[in-house]
Amino acid sequence: MSIKESLEKVRDNVWELPSDYKKEMRVPGRLYLDDESIKDIEEGALEQVANVACMPGIQGASIAMPDIHFGYGFSIGGVGAFNYNNGVVSPGGVGFDINCGVRMLRTNLSEDEIKPKLKELTEVLFKNIPSGVGSKGQIRLKDNEINEVLDYGAWWAVERGFGWEEDLKFLEENGRMKEAESAIVSDKAKKRGIPQLGSLGSGNHFLEVQKIDEIYDENVAKAFGLEAGSIAIMIHSGSRGCGHQICSDYLRKMDKAYRNYKINLPDRQLACAPIDSKEAQSYLKSMAAGANYAWANRQMMSHWIRQSFEEVFSRDAEDMGMTTIYDVAHNIAKKEVHKVKGSHMEVLVHRKGATRAFGPGRREIPKEYSSVGQPVLIPGTMGTASYILHGTDLAMEETFGSTAHGAGRVLSRTAAKKQFTAEQIEKDLNAKGIHVKANSAPVLAEEAPDAYKNVDSVVKTSHDAGIAKLVAKVLPLAVTKG
DNA sequence: ATGTGC
């Protein structure tokens with residue numbers, strides 16, 4: 001029986017891959033997909049869900065989000081929680097772009113107010129927020145300062161004058177994982193990170209000026225400060241070459257480690273080590289440093305976004321109400337307490353292309369949002385909608401407080417470049433009234449909306465399954481990209 | 001995602 005035929009429907013939008021699909025599986029697979037997506041799912045990605053279910057110490061289920069696709073070892077859109085007794089940590093379960101994530105800022109500006117200046121605003125944002133492969137930030141770090149970035153994340157950035165202290169309240173982990181230890185991060189990772197700090201990157205990373213188009217839940221929208229018709233800004237970016245290097249460094253170390261610890265794996269890309277081993281502990285400290293880099297990065301860009309708005313509209317950012325709604329990580333592993341088989345357990349949750357979606361009452365959420373659950377920021381692809389959802393109690397019960405993270409690629413970059421031209425994509429966007437400014441033409445073709453799974457359906461599946469609930473939809477007015 | 005192959 002093929003892996004697809006082995007799936008059993010649990011309820012609408014939820015499927016189980018029974019643990020007897022493969023004898024090494026320790027837990028079942030659990031997939032959040034609608035009937036349509038089940039037909040199109042890559043068998044390779046499903047095999048990856050089964051593979052993760054074979055890893056030592058995995059709890060509950062190997063979970064796949066509605067935007068699942070094939071990745072390195074773990075699928076993208078995969079969640080795996082491991083216990084602290086015999087569980088493991090795996091760099092492939094976090095991904096190359098450590099703490100790739102999304103930050104959203106609000107404004108009190110209306111579409112009418114910004115429309116006449118939109119072209120200018122796009123140019124200014126493009127100028128002030130460096131983007132592109134190998135792009136460099138616009139500051140020069142002092143000797144040793146990279147270590148402070150890695151240890152203190154967004155706290156370092158605020159201390160250095162980038163943005164507001166109040167921003168920190170509204171970042172996952174308050175923008176700093178205390179476990180980080182810059183001293184053990186490789187010189188190579190630091191060397192790559194130093195010039196790139198404060199830059200957007202390439203690929204699907206973007207900066208968007210958006211209009212809040214539709215509100216689905218007035219009460220929650222109010223708590224998040226979202227008002228229909230007003231303008232918001234979304235930053236989608238990660239830890240650049242720094243996080244990439246940290247991941248590469250540890251994939252190599254873990255490839256040795258898992259053999260030494262005699263861990264049997266169905267795929268060597270799942271290379272891992274017992275959580276209490278020295279390899280695992282140094283990975284977690286380095287990963288946290290990479291995550292901090294990404295939070296510092298988004299913090300700096302937020303500052304330049306405010307400056308850009310000030311430049312174009314000749315008003316103070318405070319006056320334009322440019323506060324932070326929230327900042328979420330999409331690629332990260334974290335120690336969290338979850339209910340497993342009725343009792344509370346400390347687990348290491350790997351989210352790779354998945355968003356934390358904590359429900360009401362969790363202490364990790366800012367108190368301002370505590371009664372409604374955390375904001376979940378799900379970016380669409382260029383020229384399409386993005387969404388704000390909120391975390392739910394059901395996510396806490398079923399997915400270790402996690403949901404989808406975005407559209408999910410359906411065409412490879414190469415395939416997309418064959419099928420689309422930059423000129424056509426830009427024309428299509430302009431026809432929709434969207435200003436776009438990209439560093440290189442090919443990136444527009446690579447990131448063509450049709451190269452991605454429809455984000456509307458990803459979000460709908462999360463909502464219908466109940467692992468996050470819709471709050472608002474935003475539409476792009478201006479996009480800058482690598 | 002990424003000094004876009006090591």
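Remember, it's a predicted structure, so these values are computed and weren't measured experimentally. So you know, we letter chains A, B, ... as the sequences are listed, proteins then strands, and number each from 1.
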Student: Please report the distance, rounded to the nearest Å, between CG in A:Asp249 and C1' in B:dC6.
Tutor: 15 Å
Student: May I ask you to say what A:Gly238 touches in the nucleic acid, namely base, sugar-phosphate or nothing, with a heavy-atom cut-off under 4.0 Å?
Tutor: nothing
Student: Check the distance between B:dT2's P and A:Phe96's CZ and give it to me in whole angstrom.
Tutor: 12 Å
Student: Would you kindly give the OH-to-C1' distance between A:Tyr72 and B:dT2, to the nearest whole Å?
Tutor: 14 Å
Student: Give me the atom names and distance for the closest heavy-atom approach of A:Asn292 to A:Ala180.
Tutor: ND2-CB, 3.2 Å
Student: Quick check on B:dT2: is either OP1 or OP2 less than 4.0 Å from any side-chain nitrogen or oxygen of A:Arg240?
Tutor: yes
Student: Measure the distance from CZ on A:Arg413 to C1' on B:dG5 and round it to the nearest whole Å.
Tutor: 16 Å
Student: Look at A:Gln196 and B:dG3 and indicate whether a side-chain polar atom (N or O) is within less than 4.0 Å of OP1 or OP2.
Tutor: yes
Student: Nearest-Å distance, CG (A:Asn297) to P (B:dT2)?
Tutor: 10 Å
Student: Before accepting this row, confirm whether a basic side-chain N of the pair A:Glu426/A:Lys437 lies closer than 4.0 Å to the acidic partner's carboxylate O.
Tutor: no
Student: Rounding to an integer number of Å, can you tell me how far A:Lys188 NZ sits from B:dG3 P?
Tutor: 12 Å
Student: Which part of the nucleic acid does A:Ser202 contact within heavy-atom distance under 4.0 Å: base, sugar-phosphate only, or nothing?
Tutor: sugar-phosphate
Student: Between A:His236 (NE2) and B:dT2 (P), how many Å, whole number?
Tutor: 10 Å
Student: Taking CD1 from A:Ile246 and P from B:dT2, how many angstroms apart are they, rounded to a whole number?
Tutor: 14 Å
Student: Would you mind checking if A:Glu364 and A:Arg362 are paired as a salt bridge, meaning a charged N to carboxylate O distance below 4.0 Å?
Tutor: yes
Student: Specify the closest pair of heavy atoms between A:Ile98 and A:Cys247, including all atoms of both residues, with the distance to one decimal.
Tutor: CD1-N, 4.2 Å
